[in-house]
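Note sheet for the following structure.
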Amino acid sequence: MNHGTALLWKRRALSSLSATRRGLPKEKMTENGMMSRAKVLTIDTINPTVKKVEYAVRGPIVQRAVELERELSQGMKKPFAEVIKANIGDAHAMGQQPITFFRQVLALCSYPELLSDNTFPEDAKSRACRILQSCGGHSMGAYSASQGIDSVREDVARYIERRDGGVPCDPDDIYLTTGASDGIVTMLKLLVCGEGVSRTGVMISIPQYPLYSAALAELGAVQINYYLNEEKCWSLDIPELQRALDEARQYCNPRALCIINPGNPTGQVQSRKCIEDVIRFAAKERLFLMADEVYQDNVYADGCQFHSFKKVLFEMGPEYSDTVELASFHSTSKCYMGECGFRGGYMELINMDDEVKAQLTKLVSVRLCPPVPGQALMDLVVNPPQPGEPSYDNFIKERTATLSALAEKAKLTEQVLNTVQGISCNPVQGAMYSFPRITIPEKAVKEATEKGQQPDMFYCMKMLEETGICLVPGSGFGQKDGTYHFRMTILPPSDKLKILLDKVKEFHQKFTQQYS
Amino acid sequence: MSVLQEISQNVKSIKQLDYAVLARRANQIQKELSQGVRKPYKELIDLCWGDPHSMDVKPLTFVRQVLAACVYPELMSSHKLPLDVRQRAQWLLGRCDGGSVGSYLAPTGIPEIVQRMSESIRRRDGGVPCNPDNIFISPGSQWSLTNIIQVLVNNEAPLRTGILTPVPCHVTTIMSIKSLGAAVIPYFLSEEHGWALQVEELQRALESAKGGCNPVALYVINPGNPAGYVQSRKSIQEVIQFASEKRLFLLADEVYQDCVYGKNSEFVSYKRVLAEMGPPFSDTVEVASFHSVSKGFMGECGLRGGYVELVNLDPNVVKYIFNLICKDSTTPVLAHFAMDLMMNPPRPGDPSYPLYNQVRNATAHEVVNSLPGFSCQPVEGGAFVLPRVFLPPRAIQKAKEEGMQPDTFYCMRLLEEMGVLVSPGCEYGQKEGTYHIRFCIMASQDIIDEVLKRLTTFHTKFMKDFS
């Protein structure tokens with residue numbers, strides 16, 4: 001019997017009581033803790049798909065980390081002095097410095113009276129003026145067009161053309177978004193349709209960034225998993241894509257293929273050949289390609305290079321470049337900027353049908369427009385200081401320092417983790433994370449299962465309680481059955497990262513011993 | 001054929017706006033003007049959106065100084081900025097991870113800021129308690145509204161979920177409802193009674209929905225948009241009683257709560273009235289109240305900041321709302337700071353206080369009302385004026401010939417001849433056979449004066465031409 005029915009019975013029972021008893025004031029009923037009516041919104045009446053949404057990056061382990069932080073600040077004694085949140089790709093939270101030029105321009109845009117302040121360089125001022133001219137009433141507080149400020153979209157298009165060696169880009173194909181996540185969710189909202197066996201299926205990599213699985217659950221779309229190959233440095237195998245697709249065709253209508261390059265959580269940078277193969281596969285199987293390329297500047301390993309899906313597509317000739325439908329996503333949150341809090345992003349749509357675009361334009365107008373400061377920041381990212389300009393030297397210095405620090409930390413992480421018996425870490429070729437495989441002793445797996453926890457969640461929780469280090473268990477991203485991983489960011493400052501890695505090593509050894 | 005040819009039915013069901021036609025023409029005219037083409041006017045004035053800054057209303061200095069200092073903390077060491085600005089910026093930055101506005105916000109916001117927001121809400125509501133755990137921040141009230149509607153909608157149920165919405169109603173709410181696959185159940189506001197919300201009409205609307213959809217919620221907007229009413233306490237009580245009786249979830253859109261002009265009008269929140277009604281209402285009626293940094297004195301539409309406060313929701317449901325928001329956690333840090341600045345402005349004695357004070361005047365409706373062929377209900381609050389235009393039959397005929405709604409035709413003519421862009425009433429819904437236009441009055445006095453001048457000239461000629 002559900003809650004609602006129980007209440008109904010209680011009410012009926014009461015109404016059959018004698019008149020005097022029935023005359024009990026409603027206040028008394030409420031004081032007894034009895035609800036005088038069932039709620040409209042209960043877990044039985046809410047949208048069923050909402051119940052399926054989970055997001056590991058901010059899930060229970062993070063909530064526990066926040067609790068521990070509070071306990072520490074209240075003076076409770078712990079085996080560690082601070083909680084280190086190595087779970088989320090938040091560079092500034094870990095001490096990375098913003099790019100001075102960007103912040104100067106944004107400050108000028110926020111409070112234009114500063115344009116008369118001589119401590120700001122001339123190029124920052126002229127950039128701020130240019131941005132403000134494109135804003136209603138010359139203010140970042142005015143709404144922009146839903147698709148984004150025209151001049152920013154033009155600048156984004158020019159950036160893409162430069163990046164892709166001249167492949168043309170139409171500003172009309174650019175949509176500015178509230179971070180890349182917003183663009184991804186919007187595209188999924190647009191394309192998910194159908195019922196039963198014709199319900200839209202979307203292919204996502206395992207392991208994957210859990211925004212995808214959460215969005216698919218929320219939209220009631222079918223998630224189609226294709227496994228990345230851990231033994232081959234998390235590469236993408238076409239036979240595996242084919243297997244996943246063929247199987248899925250039996251129970252849904254697969255229409256899109258999502259790929260994250262450079263990868264999250266895996267950090268692999270796909271080879272050019274791999275990208276060509278994926279494009280050929282999408283063309284043959286008539287799949288919409290969603291290329292999440294937010295880490296495009298985060299490439300560290302020798303021999304690795306970022307190849308944009310669009311560039312490769314166009315270099316494959318008109319048979320593909322005229323037909324394959326592709327969406328590419330970028331953001332101000334990663335790379336060398338790390339400006340997560342501004343919620344800046346864009347998506348480029350290639351070969352999208354005009355009618356579909358009209359529908360998309362309608363959809364984005366429901367949320368009015370993306371945050372204007374984020375749009376302004378994106379404008380600066382695609383249009384940074386040029387040689388000869390006053391801010392150029394400092395800009396290059398800061399950008400190089402940030403990216404080379406990340407490269408060092410990527411190497412350090414791989415090195416240290418691979419010295420640990422029972423931890424095996426693929427090279428961190430790009431992005432911001434390591435996703436090492438861990439061996440968890442049988443006894444621990446058993447204890448975890450008894451507790452109703454995934455074994456790697458159990459492992460990570462223990463690590464959190466004993467070392468204060470917060471990581472995300474691999475089960476949050478998906479992994480091959482029987483394997484366990486964790487995702488750890490490479491973002492803490494180098495000296496802290498060294499300590500962190502040593503603590504992880506120590507913990508793993510202790511844990512393995514304890515459960516041997 | 002495109003892979004994407006099949007798309008979500010929900011998205012397809014979102015109606016194309018009449019405004020789109022007007023906007024396209026406005027863009028063309030703008031281009032022509034910049035190319036030097038001669039027109040009876042030098043510049044276009046677009047009053048379609050509730051966007052004060054684009055209409056020369058200046059941002060608040062205190063707000064912009066604090067935001068600039070947060071973005072570029074080097075500014076805090078100079079004494080160019082007032083002390084209270086520097087202190088506030090320092091406090092806000094101190095609450096961010098890594099001391100930077102570039103770090104992610106926790107999905108439910110910075111606890112100290114949300115705590116202050118809850119205290120401000122408690123002050124607003126004369127002491128009615130406010131639990132910060134029931135406040136969820138977002139990139140704008142429409143974002144929050146969409147999330148809450150999403151929780152309400154059940155696409156697996158045999159009957160479509162229905163939401164009672166006013167006529168007239170601003171478009172983004174209708175679009176949100178449709179985009180989630182829910183049905184709009186219209187209830188007509190009574191124009192003759194100052195756009196009053198009448199319970200009998202709510203009853204009629206609810207009846208009409210029987211068998212067609214499953215009504216679960218009632219959306220109200222107070223102060224109104226597009227109609228500029230401010231609900232009386234009595235009216236709010238009636239709505240709450242109705243919602244309680246009919247077991248409806250209340251969606252209370254209160255983004256214009258700081259825009260009240262009528263001498264006899266006062267904003268009272270749904271939450272406050274609910275609390276003052278006492279049990280059983282106060283413990284049981286479920287309400288979601290929406291607010292934003294886009295309106296009011298700040299008018300910071302471009303920052304994208306808002307929140308929803310949930311009242312009397314089942315804690316298990318709130319847990320799922322939290323999950324939903326975690327995935328969607330995407331409020332800009334600057335917008336969250338703006339919420340703090342909006343709800344905790346400078347106080348008397350603070351260096352920035354004298355400059356901070358502003359007075360709002362809305363007299364646009366008086367001029368409009370004086371024009372024959374126009375009838376305008378008093379604008380007590382909100383950002384818009386929604387006068388009724390009594391179009392001559394010949395004009396209606398001409399509109400039909402040109403394939404346009406009569407009020408869209410009127411707006412198109414106004415655009416062509418006077419360079420003023422306003423929206424047609426058909427966009428928001430109106431009683432059959434009535435026509436309206438809507439335009440924003442949160443603009444500088446100069447712009448309002450200019451618009452009223454052009455409108456007067458145009459309207460007089462239009463009525464004569466089509467008499």
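- Within the 3.5 Å criterion, the main-chain N or O of B:E6 finds a donor-acceptor partner in the side chain of A:R255.
- With a 4.5 Å cut-off on non-hydrogen atoms, B:R64 touches chain A through its backbone and its side chain both.
- Each side chain to side chain donor-acceptor pair (under 3.5 Å) pair with one or both residues in residues 105-114 of chain A, not counting sequence neighbours, appears once here: A:Y111-B:Q65.
- Among B:G98, B:S141, B:G305, B:G302, the residue making the largest number of heavy-atom pairs under 4.5 Å with chain A is B:G302.
- When all heavy atoms are compared, the tightest approach of A:Y143 to B:D51 is N-OD2, 2.9 Å.
- Taking A:G374, A:G220, A:C369, A:P98 one by one and counting their heavy-atom pairs under 4.5 Å with chain B, the maximum is reached by A:C369.
- Of the two parts of A:L114, only the side chain, counted from C-beta on, holds a non-hydrogen atom closer than 4.5 Å to a non-hydrogen atom of chain B.
- In this structure, the portion of A:M352 lying under 4.5 Å from any heavy atom of chain B is its side chain and not its backbone.
- Looking at B:K80, only its side chain comes within 4.5 Å of chain A, counting heavy atoms on both sides.
- Proximity to chain A (any heavy atom under 4.5 Å) is restricted, for B:L81, to the side chain, taken from C-beta onward.
- Interface remark: A:T323 contributes no atoms to any contact with chain B (heavy atom separation under 4.5 Å).
- For A:V356, the part lying near chain B is the side chain, with the backbone staying farther off; criterion is any non-hydrogen pair under 4.5 Å.
- Of the listed residues A:S139, A:G137, A:P112, A:G141, the one with more heavy-atom pairs under 4.5 angstrom with chain B than any other is A:G141.
- We find the CD1-CG distance between B:I7 and A:L191 to be 9.0 Å, quoted to the nearest 0.5 Å.
- Within the 4.5 Å cutoff, no side-chain heavy atoms of A:Q359 are placed close to those of B:I14.
- Here the CG-NE2 distance, from B:D56 to A:H138, works out to 8.5 Å after rounding to the nearest 0.5 Å.
- Contact of B:E74 with chain A is not made at all, since no heavy-atom distance falls under 4.5 Å.
- Here CD1 of B:I321 is found 7.5 Å from CD1 of A:I46. Values are rounded to the nearest 0.5 Å.
- Proximity to chain B (any heavy atom under 4.5 Å) is shown, for A:Y212, by neither the backbone nor the side chain.
- Neither the backbone nor the side chain of B:C96 comes within contact range of chain A; no heavy atoms are under 4.5 Å apart.
- Only the side chain of B:L75 comes within contact range of chain A, judged by heavy atoms closer than 4.5 Å.
- Neither the backbone nor the side chain of A:K357 comes within contact range of chain B, judged by heavy atoms closer than 4.5 Å.
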(request) Please test B:K319 against A:I43 for side-chain contact (heavy atoms from CB on, under 4.5 Å), starting from the C-alpha separation and ending with a verdict. (result) CA-CA 10 Å; B:K319 213 177 61 172; A:I43 44 177; over 6 Å; no

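- Looking at B:N10, neither its backbone nor its side chain comes within 4.5 Å of chain A, counting heavy atoms on both sides.
- Atom OH of B:Y320 is separated from atom CG of A:N47 by 12.0 Å, given to the nearest 0.5 angstrom.
- Neither the backbone nor the side chain of B:S444 comes within less than 4.5 Å of any heavy atom of chain A.
- Nearest heavy-atom pair across B:S103 and A:A93 is CB-N, 3.9 Å.
- With rounding to the nearest 0.5 Å, the separation of OG1 in A:T361 from CD in B:Q16 is 8.5 Å.
- A donor-acceptor pair under 3.5 Å is formed between the side chain of A:K362 and the backbone N or O of B:V11.
- Neither the backbone nor the side chain of A:C135 comes within less than 4.5 Å of any heavy atom in chain B.
- Neither the backbone nor the side chain of A:N351 comes within less than 4.5 Å of any heavy atom of chain B.
- Annotation: side chain of B:Y104 is in contact with side chain of A:R343 (closest heavy-atom distance under 4.5 Å).
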(request) Show the numbers, then the answer: is there a side-chain contact (heavy atoms from CB on, under 4.5 Å) between A:L368 and B:R304? (result) CA-CA 9 Å; A:L368 295 151; B:R304 312 311 304 123; 3.8 Å; yes

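- Checked by atom type, the side-chain pair B:S179/A:R367 shows no donor-acceptor distance below 3.5 Å.
- Heavy atoms closer than 4.5 Å to chain A are found in the side chain of B:S294, but not in its backbone.
- For the set A:G194, A:P373, A:C109, the entry with the most heavy-atom pairs within less than 4.5 Å of chain B is A:P373.
- In this structure, chain A has no heavy atom under 4.5 Å from any part of B:F337.
- Test B:V318, B:V151, B:N316, B:D314 against A:L41 for side chain to side chain contact (heavy atoms under 4.5 Å, CB included) and you get one pass: B:V151.
- Side-chain contact between B:S100 and A:Q97 is absent, with no heavy-atom pair separated by less than 4.5 Å.
- Atom CG of B:D97 sits about 12.0 Å away from atom NE2 of A:H92, to the nearest 0.5 Å.
- Within the 4.5 angstrom heavy-atom criterion, only side-chain atoms of A:Q63, from C-beta onward, approach chain B.
- When all heavy atoms are compared, the tightest approach of A:S365 to B:M175 is OG-CE, 3.2 Å.
- Both the backbone and the side chain of A:T178 have a heavy atom closer than 4.5 Å to some heavy atom of chain B.
- Looking only at side-chain heavy atoms (C-beta outward), B:L334 and A:F342 come within less than 4.5 Å of each other.
- Remark: side-chain polar atoms of B:E156 are not paired, donor with acceptor, to backbone N or O of A:P48 under 3.5 angstrom.
- Applying the side chain to side chain contact (heavy atoms under 4.5 Å, CB included) criterion to B:S282, with sequence neighbours excluded, gives B:P279.
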